[in-house]
Structure formats: C-alpha cells, structure tokens
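Inspection log for the structure reproduced underneath, given as structure tokens.
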2 protein chains.
Amino acid sequence: MASSTEENYLKSLYNLANVQGEVNLSELAASLQVSLPTANSMVKSLQKSGWVIYEKYKPLTLTKEGKKTAALIIRKHRLTEMFLVKVMNFGWEEVHEVAEQIEHIHAPKFFERMDQMLGFPTVDPHGSPIPDPQGKITPLSYTPLAHAKPGQHVQLAALTNSSTEFLEFLNSRKLSLGTQLTILSKESYDQSMVVSYAHHPSETLSEKVCERLLVRVLD
Amino acid sequence: MASSTEENYLKSLYNLANVQGEVNLSELAASLQVSLPTANSMVKSLQKSGWVIYEKYKPLTLTKEGKKTAALIIRKHRLTEMFLVKVMNFGWEEVHEVAEQIEHIHAPKFFERMDQMLGFPTVDPHGSPIPDPQGKITPLSYTPLAHAKPGQHVQLAALTNSSTEFLEFLNSRKLSLGTQLTILSKESYDQSMVVSYAHHPSETLSEKVCERLLVRVLD
DNA sequence: CAAATTTGTTAGAATAGTCTAACTTTGTAA
DNA sequence: TTACAAAGTTAGACTATTCTAACAAATTTG
Ligand SMILES: [Mn+2]
Ligand SMILES: [Mn+2]
Ligand SMILES: [Mn+2]
Ligand SMILES: [Mn+2]
C-alpha cells in the first residue's frame, strides 16, 4: 500500500509524463516542491516497490503497476472535485486543495458512492477526464481556443491549467465549461482574440488565456 | 498544527477521560494499539505542544487547548458520519472507519458545508452529541435500557458502544434510533429483558445489549 | 573541444513515529 | 512490610521523509 507521500509522487510522475512517458528528476522535485536529493531517494524507494523504472542519470518511467496506481488516485481526486462541485456546491476554483487531501482516503465504497450519486461522470469540473475504475483513461481531443479561426463557433470544454487564479479570472468573465463562443477576430500582433458569448458581446482574451482554454468546434 | 497521529492521541485522551478527567498511560496505549513506550514518548511531545499535562508516573490530563482541539476533531468525525448516512446513504455500521480518516482533513469549508446540508445536526448516527464549532459539547442524559422497568415505554436514543458487530446485531433485530419499545419483562436471573416494538411482538435482549442501549423514557 | 552550467548523486543529519529489551516505580497482597 | 505484579520509563534501534553540503556526470556554449 502506497503512503500518501508515495501516492503524490506517483501522481506527479503520471501527470508529468510527456510523449516519451519519461520524466526528469528535476521536474519531479520541482512539481512536488522538494529538494533534488529528496526526490532522488524517494524514486529509489518507488523503484524497490516496483512502481518506477530508474537507472542512475536516466529519466524516470512509471511501470504498468505504477501507472495504474497513479490513475486510480487521479480518479479519486477528480471524482472528489466533481462531488464537491455538483453535490456540495463548491466553486470549481475551491475544490483542488480539498481533493488533494481526500484522494488519499482509503475507502473504495466512499468513492463508488460518489461516482453513483454523480451518475458516473467522465470528466471533472475542469474538463479533465476521470480514469475508469480499472485506471483506464480516455484522452480528450479538444483544440486550444488559440487555434480557432475568426468566425468559428466553439464551446468551452476543458482547461490545460486549473490554477485558482486562472479559474477566478474565468469566473470574473463569466466563462464556464459549456459556454459557447463566437470568434470575432484575432490580433496578429499579440495573438489575442476577441470573442462574444452570452451577455458579453465583445471580450478580449490574451494569447496566454486562449492557449489554456480547450474548445469543441461547433461548426 | 497537530499531525493526524497527534489528533488521534488527543481524541483518545478526550474519549477516555473519566470523571476526574484523568487517563492512565496504559489505557491510552491500549486504546490506540501502540506500545507503552510509544504512548509515553508521544505524551511527552503533546505536553511540549501544550495539549497535555503530564508528570512522571502521574495520570494524564488534557489542557483547555487540548480539550478544544480534541472536541473539534470529534466534531469533524461525527459530522462526517452523519453526512455519510444522511447524504450518501451509508449504513450506520459502515461509517466509523471512513470518518476515522476524514476527521483529519484540513478544510473548514468542507465541514461547514456538510453541517449546512445536514441542517446543523446535534447528534451523530449513533446518537452521540456533535460538539459545536467552538468545541462545546452538550452531554446527553439518557438512561440505559437496563435501568428501565417493565411496563415502561421508551425510545431508543443513543448507544454507549458503536462497534460494527453491535450495530449489525441491532440491524438484524431491526432496532434503530427512534424505535419505540415497550418493556414486557425483566428476567432477574440474567437481567435479560423481553421487549416489543414495531413488527416484533416479543424480542429478548441480553443484559449486555440492554446496558449499551440508551433510551428516552416516554412515560 | 574546453569551460561553464545544469542535472543528478552521495553523505550525513534531523524529525516523527514506532518497536523491543531492560529497568524502575508504584500499588497490592500475603 | 516484604514480595510480587502492574504500570511506567529509559535506552537504543528502525523506517519514512526531509534537508544541506559536497561532489560527479551530463549537457550546453563559446
Ligand atoms: Mn485538481
Ligand atoms: Mn495529494
Ligand atoms: Mn465513530
Ligand atoms: Mn482518526
């Protein structure tokens, strides 16, 4: 059984895994806000437990078991976030910190019951996919708003970043998942976009924001 | 900030405190299932933190701060149990283990929201009082069923023991909080009682059971 | 390529929480 | 009031998780 600490390491490794599925020790240490030697020693111990493949000076890879364990923690995290938003009426900007703790609760039935009460959701409040009970995850293929063309109609489907500040920015603009946008224009100088949506006839979004908004193209 | 381990020690000290408010180290160690030296060293550290009054070879007492901290953890525990039963449809015999973990979550708003969704309950699913947000607890004054007299009408109000086995026994007899009982007779040989209640014209309850059932006398 | 920089490793130490073995104090009972 | 038992303490050790300082390997740059 993984400790909370180990679970957080596995989760970071899973989330950091890029195309190669490889992660540098430095990235891992930075993401968990621990020193390099701390990450180094934990990685060795995760290897002993069979969750990580590690060779001196080489990048890290999760084993099959490690990936599954990580995915199941992410499942608990995202189900919790959905539960907090849908059942307990939290805002999407308030749920991450609580979920960061509740994901470590060992009580299968607790999460099964959440899942059931929520009607077996497939995405969390930020549009990220919820791994299934076997740890399988269906990656969603949305487009960054930044890639959309003027004149297109799109619907906000997910975010590539769910920091509290970003979520509060979206709240301030009344942007939420499902919001339908029309792209009015794109400024070629700074890649900012002018969009319109319900009660907002013209809103300018910076490139940074447009990169972080994932949309479903409607036409 | 107390660690989960420290919180469990405070909670045990609080629950073990007898009339004098004093607890022996052995009781504490037994209740937490740790060795005597483990409890001894933790007690010293709780003293350093100002939660416990301790002198070599003397019984232990919680400080005012220690009592409040303990009561607030118990509050989280009992609110959680109530939430699991009322909102998430768990049985009263299933909630203790989960609450034992969730009581350590640091997220005031999470518990405030539970409280609100539950309509600010004053007792948990086993009839134990829920401390208020200031850590104040209103002790309930119920009578053990064992003290009731034949002919009396009583209502099941709380339990002095909430072990899974006992709760499953009560489930098997369809006994739950609120059940109204009529005492038919008491066997002077073994102190067992014969009672009747909805759809149960005659049920015999052992002395052990009668001691653990707390009732409100209706007439 | 050699130097500089970044990345990763090792050594050594600290804290929290736990244990067993050995010993001491306190309380009980003959 | 001594003797035994129960309760409590100390010493020493172990694992988990973390750190800083010192050093080494790998990578990038001029
Ligand atoms: Mn999250
Ligand atoms: Mn976490
Ligand atoms: Mn309980
Ligand atoms: Mn607990």
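Reminder, nothing fancy here: chain letters follow the sequence lines and each chain counts from 1.
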- Here the distance between atom C1' of C:dA16 and atom CG of B:L46, to the nearest Å, is 12 Å
- Think B:Y9 has a side-chain N or O under 4.0 angstrom from the OP1 or OP2 of C:dT18? yes
- Using a 4.0 Å heavy-atom cut-off across all strands, classify B:K44 as base, sugar-phosphate, or nothing. sugar-phosphate
- Whole Å only: how far is the OH atom of A:Y54 from the C1' atom of C:dG8? 7 Å
- Residue closer to the 5' end of DNA chain C, B:M42 versus B:P37 (nearest nucleotide): B:M42
- Which heavy-atom pair separates A:I137 from A:R78 by the least distance, and what is that distance? CD1-NH1, 4.1 Å
- Please report, rounded to the nearest Å, how far the P atom of D:dA16 is from the CE atom of A:M1. 15 Å
- Item | Side chain of A:S35 - closest among D:dC19, C:dT18, D:dG8 | D:dC19
- Message: Please confirm whether the shortest side-chain N or O distance from B:S26 to OP1 or OP2 of D:dA7 is below 4.0 Å.
- Response: no
- Message: Distance check needed: C:dA16 C1' versus B:N8 CG, whole Å only.
- Response: 14 Å
Using atom names, set out every protein N or O paired with an N or O of nucleotides 23-25 of chain C below 3.5 Å, distance rounded to 0.1 Å.
from, atom 1, to, atom 2, distance (Å)
C:dT25, O4', B:Y57, OH, 3.4

- Query: Expressed in angstrom and rounded to an integer, what is the separation of B:E6 atom CD from C:dT18 atom C1'?
  - Reply: 14 Å
- Task: List the atom of A:I74, the atom of A:K11, and the distance in Å for their closest heavy-atom pair.
- Result: CG1-CG, 3.6 Å
- Query: Given that A:K56 and A:T38 both sit by DNA chain D, which one's nearest nucleotide is further toward the 5' end?
  - Reply: A:T38
- Note on the structure: Separation of D:dT18 atom P from A:L25 atom CG, nearest Å, is 13 Å
- Short side-chain N/O contact from B:S3 to OP1 or OP2 of C:dG17, under 4.0 Å: yes
- Message: Quiz question: by atom type and distance under 3.5 Å, do the side chains of B:N8 and B:H104 form a donor-acceptor pair?
- Response: yes
- To the nearest angstrom, the CG-P distance between B:L36 and C:dT26 comes to 15 Å
- Query: Are B:H77 and B:H96 an aromatic pair by the rule of ring centers under 6.0 Å?
  - Reply: yes
- Message: Any non-hydrogen side-chain atom of B:P129 less than 4.5 Å from a side-chain atom of B:T138?
- Response: no
- Please give, in whole Å, the distance from C:dG17 P to B:N40 CG? 15 Å
- Item | Sugar-phosphate only, base, or nothing, as touched by A:S45 at under 4.0 Å among non-hydrogen atoms | nothing
- Message: Can you confirm whether B:I73 sits close enough to B:Y14 that some side-chain heavy atom of one is under 4.5 Å from a side-chain heavy atom of the other?
- Response: no
- Task: Check whether any side-chain heavy atom of A:F90 sits under 4.5 Å from a side-chain heavy atom of A:E81, and report yes or no.
- Result: no
